[in-house]
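Chain letters run A, B, ... following the sequence lines, proteins first and then strands; every chain starts at 1.
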Protein chains: 2
Amino acid sequence: MESDLVGAADNTIHRMAGDERRQQLLEVAMHLFSKHGFSGTTTKRIAEEAGVSEAMVFKHFENKDQLYTDIIDHKACSLGMESPMSVLSDFVEAKNDFGVFYHLALNALNHHRQDTEFIRLLLHSALEGHAMARTFFDSYVTTIYESIGEYIEERQKDGAFREVNPKIVVRAFSGMFIHHSMTNIIWDKDQKLLKVSNERAAKEFATVLLDGIRKKDSSSDEQNSTQVQS
Amino acid sequence: MESDLVGAADNTIHRMAGDERRQQLLEVAMHLFSKHGFSGTTTKRIAEEAGVSEAMVFKHFENKDQLYTDIIDHKACSLGMESPMSVLSDFVEAKNDFGVFYHLALNALNHHRQDTEFIRLLLHSALEGHAMARTFFDSYVTTIYESIGEYIEERQKDGAFREVNPKIVVRAFSGMFIHHSMTNIIWDKDQKLLKVSNERAAKEFATVLLDGIRKKDSSSDEQNSTQVQS
DNA sequence: ATCATATTAGTAAGTACTTACTCACCGTGT
DNA sequence: ACACGGTGAGTAAGTACTTACTAATATGAT
């Protein structure tokens with residue numbers, strides 16, 4: 001069907017160092033798993049793509065399952081788990097509402113764009129019911145819901161926000177940017193339907209969340225509000 | 001691992017009518033495909049689950065691929081394709097903003113909840129890059145973006161909505177309820193993180209979209225500074 | 001109704017090939 | 001000299017799909 005080579009820039013003939021090859025196998029495997037899922041990816045194909053015999057895969061990884069979870073551990077540690085809250089703390093302390101939500105969204109959108117493969121892998125494993133997906137969700141997503149939820153609660157006490165269930169607000173807002181990323185990653189890769197920069201998207205999403213789309217002051221000025229620049 | 005029988009309420013021993021069996025095979029296969037994906041589902045397993053020999057699968061369907069696309073055609077015609085806009089036309093004509101967005105969301109949420117298997121199938125096929133996923137997206141999703149987009153444009157001309165790219169608004173709003181459904185379907189099936197009725201969710205989402213979460217009458221607004229230059 | 005006939009639902013046992021995984025064995029650099 | 005990166009040739013269990021066949025049922029002429 002397809003032929004997607006990836007790590008075959010091998011002029012320096014064979015014989016990599018062990019760790020190097022292991023790393024390469026992880027990358028090749030991730031690429032394939034993210035494209036075809038777990039059961040859609042064969043160990044033979046992984047080996048081929050890495051330019052190595054199938055036996056090598058099993059020298060470096062106990063079995064296919066182990067390889068899969070190793071990829072996830074590896075990636076989850078290096079990229080996924082760096083708390084998204086750390087970047088926001090300044091804005092949270094300053095109670096800069098727009099800053100908080102803008103950077104939350106922008107940060108996520110940038111991550112998703114640069115780590116498409118991991119997102120696809122995550123989705124595959126979630127659909128297939130792999131245990132790791134649950135782990136990721138429990139430790140990562142729950143954290144965000146709590147942190148952002150707390151911020152919203154605080155701002156409600158300040159009288160700055162309406163009284164809505166904070167979790168619903170988090171769901172609504174994360175829905176905006178996560179669904180935006182998902183659409184671009186799995187449905188509309190060439191962004192025929194909607195093409196915007198991450199900055200623009202984050203800005204509009206944050207503005208909608210905070211102010212909605214309905215004009216509030218129908219009395220005074222008719223149209224100025226937010227200006228749109230493409 | 002698991003043992004999920006589905007259509008084995010067979011007291012009337014064997015020998016179904018052809019169409020009946022075909023229907024049963026479609027249902028069983030859909031159930032399995034939605035759970036394990038295309039390559040994760042074997043024809044043997046489908047046959048087993050239907051309580052019939054593997055050969056029967058190939059009597060009714062040319063091959064595994066054909067079975068897959070037959071399921072999708074069948075489902076897409078019967079359930080997916082009924083335009084979600086038809087329900088909204090009354091609200092659109094009345095320019096009932098809340099009505100439009102509330103019922104758009106509620107309708108989708110109810111559909112997603114009652115047709116979880118099809119949603120999972122759709123996601124699997126999109127991830128696996130099956131041609132049908134693209135078809136579904138092109139014909140179904142695009143339609144919604146256009147219809148709702150037009151409504152928003154109209155309301156902007158009325159001076160009722162701010163000037164934002166309508167497509168971004170659609171993306172933001174559809175993100176709220178689609179991501180809500182997706183989360184409940186693939187990540188948080190028992191809704192530990194957030195449990196709300198579809199009516200409640202639709203209401204809050206529509207309200208957030210229209211009015212945001214920030215209080216408008218903030219006379220005591222000290223720091224807003226919602227300016228960020230990208 | 002009756003019984004031969006045609007049709008259809010169904011199967012057991014294959015075929016040709018792929019799958020994950022193993023093991024005995026190279027060859028080269030330090 | 002030997003550890004270490006690497007392979008060729010396996011194996012047993014699956015895989016999608018086929019073949020050659022049986023038996024239940026519908027049909028229709030008598």
Side-chain angles (χ1 to χ4, degrees), chain A residues 1-3 7-30 32-33 35-71 124-125 128 130, chain B residues 1-3 7-30 32-33 35-71 124-125 128 130:
Chain A
M1 305 272 183
E2 305 145 85
S3 75
D10 255 347
N11 45 359
T12 50
I13 18 83
H14 316 77
R15 198 94 207 201
M16 283 186 181
D19 290 352
E20 207 178 345
R21 179 110 291 161
R22 194 192 143 89
Q23 188 58 33
Q24 186 216 6
L25 283 169
L26 280 170
E27 277 163 30
V28 168
M30 156 129 130
L32 288 172
F33 281 139
K35 219 168 183 173
H36 312 289
F38 181 77
S39 45
T41 303
T42 67
T43 52
K44 187 185 173 190
R45 186 86 190 276
I46 294 170
E48 265 173 22
E49 219 92 333
V52 97
S53 80
E54 204 181 342
M56 279 306 290
V57 175
F58 295 97
K59 278 254 159 82
H60 282 284
F61 306 93
E62 230 177 72
N63 49 40
K64 199 184 164 189
D65 261 291
Q66 194 52 243
L67 168 58
Y68 195 63
T69 49
D70 275 11
I71 289 172
H124 260 124
S125 72
E128 286 170 352
H130 220 271
Chain B
M1 306 272 177
E2 305 143 87
S3 77
D10 255 348
N11 45 358
T12 49
I13 19 84
H14 313 82
R15 196 91 206 210
M16 283 186 180
D19 290 353
E20 206 180 346
R21 177 110 293 159
R22 194 191 143 90
Q23 189 59 33
Q24 187 217 4
L25 283 169
L26 280 171
E27 276 162 31
V28 168
M30 157 131 129
L32 288 172
F33 281 139
K35 218 167 185 174
H36 312 290
F38 181 77
S39 46
T41 303
T42 66
T43 52
K44 188 186 171 189
R45 185 86 191 276
I46 294 169
E48 265 173 23
E49 219 91 332
V52 97
S53 81
E54 205 180 343
M56 278 308 289
V57 174
F58 295 97
K59 278 250 161 85
H60 283 285
F61 306 94
E62 230 177 71
N63 50 39
K64 198 183 163 186
D65 260 292
Q66 194 53 243
L67 167 57
Y68 195 62
T69 49
D70 275 12
I71 289 172
H124 260 123
S125 74
E128 286 170 350
H130 221 270

Specify the separation, in whole Å, of atom [atom1] of [X] and atom [atom2] of [N].
{"X": "A/I46", "N": "D/dG6", "atom1": "CD1", "atom2": "P", "value": "16 Å"}
{"X": "B/H60", "N": "C/dT11", "atom1": "NE2", "atom2": "C1'", "value": "13 Å"}
{"X": "B/Q24", "N": "C/dG10", "atom1": "CD", "atom2": "C1'", "value": "13 Å"}
{"X": "A/D19", "N": "D/dC4", "atom1": "CG", "atom2": "P", "value": "12 Å"}
{"X": "B/R21", "N": "C/dT11", "atom1": "CZ", "atom2": "C1'", "value": "12 Å"}
{"X": "A/Q23", "N": "D/dG5", "atom1": "CD", "atom2": "C1'", "value": "17 Å"}
{"X": "A/L25", "N": "C/dC21", "atom1": "CG", "atom2": "P", "value": "15 Å"}
{"X": "B/M56", "N": "D/dT22", "atom1": "CE", "atom2": "C1'", "value": "14 Å"}

Point to revise | Gap between atom CD of B/Q24 and atom CD of B/E27 - 0.5 Å precision | key: 7.5 Å
Point to revise | From OG1 (A/T41) to CG (A/L67), nearest 0.5 Å | key: 9.5 Å
Exercise for review: Report, as a single string ordered 5' to 3', how protein heavy atoms within less than 4.0 Å touch nucleotides 14-21 of chain D: B base, S sugar-phosphate only, - not at all.
Suggested key: -SBBBB--
Show which side-chain atoms of residues 56-63 of chain A pair as donor or acceptor with protein atoms under 3.5 Å away, not counting sequence neighbours.
from  : atom 1 : to    : atom 2 : distance (Å)
A/N63 : OD1    : A/D65 : N      : 3.4
A/N63 : OD1    : A/Q66 : N      : 2.8

Revision key, fill the gap. Sorted by chain and residue number, the side-chain hydrogen bond (donor to acceptor under 3.5 Å, both in side chains) partners of B/T43 (sequence neighbours excluded) come out as B/E54
Review point. Do B/L32 and B/K35 come within less than 4.5 Å of each other through their side chains, counting heavy atoms only?
Key: no
Practice item. Answer yes or no: is there a side-chain heavy-atom contact under 4.5 Å between B/R45 and B/E48? Key: yes
Point to revise | Side chain B/E128, main chain A/G37, donor-acceptor under 3.5 Å | key: no
Atom pairs under 3.5 Å, N or O on each side, protein against nucleotides 26-30 of chain C: can you list them with distances?
from   : atom 1 : to    : atom 2 : distance (Å)
C/dG27 : N2     : A/R15 : NH1    : 2.9
C/dG27 : N2     : A/R15 : NH2    : 3.3

Point to revise | Trace of the side-chain contact (heavy atoms from CB on, under 4.5 Å) decision for B/R22 with B/M16 | key: CA-CA 9 Å; B/R22 194 191 143 90; B/M16 283 186 180; over 6 Å; no
Review point. Passes side-chain contact (heavy atoms from CB on, under 4.5 Å), B/L26 versus B/M30? Steps please.
Key: CA-CA 6 Å; B/L26 280 171; B/M30 157 131 129; over 6 Å; no
Practice item. Looking at every strand, decide which applies to B/V52 at a 4.0 Å heavy-atom threshold: base, sugar-phosphate, or nothing. Key: sugar-phosphate
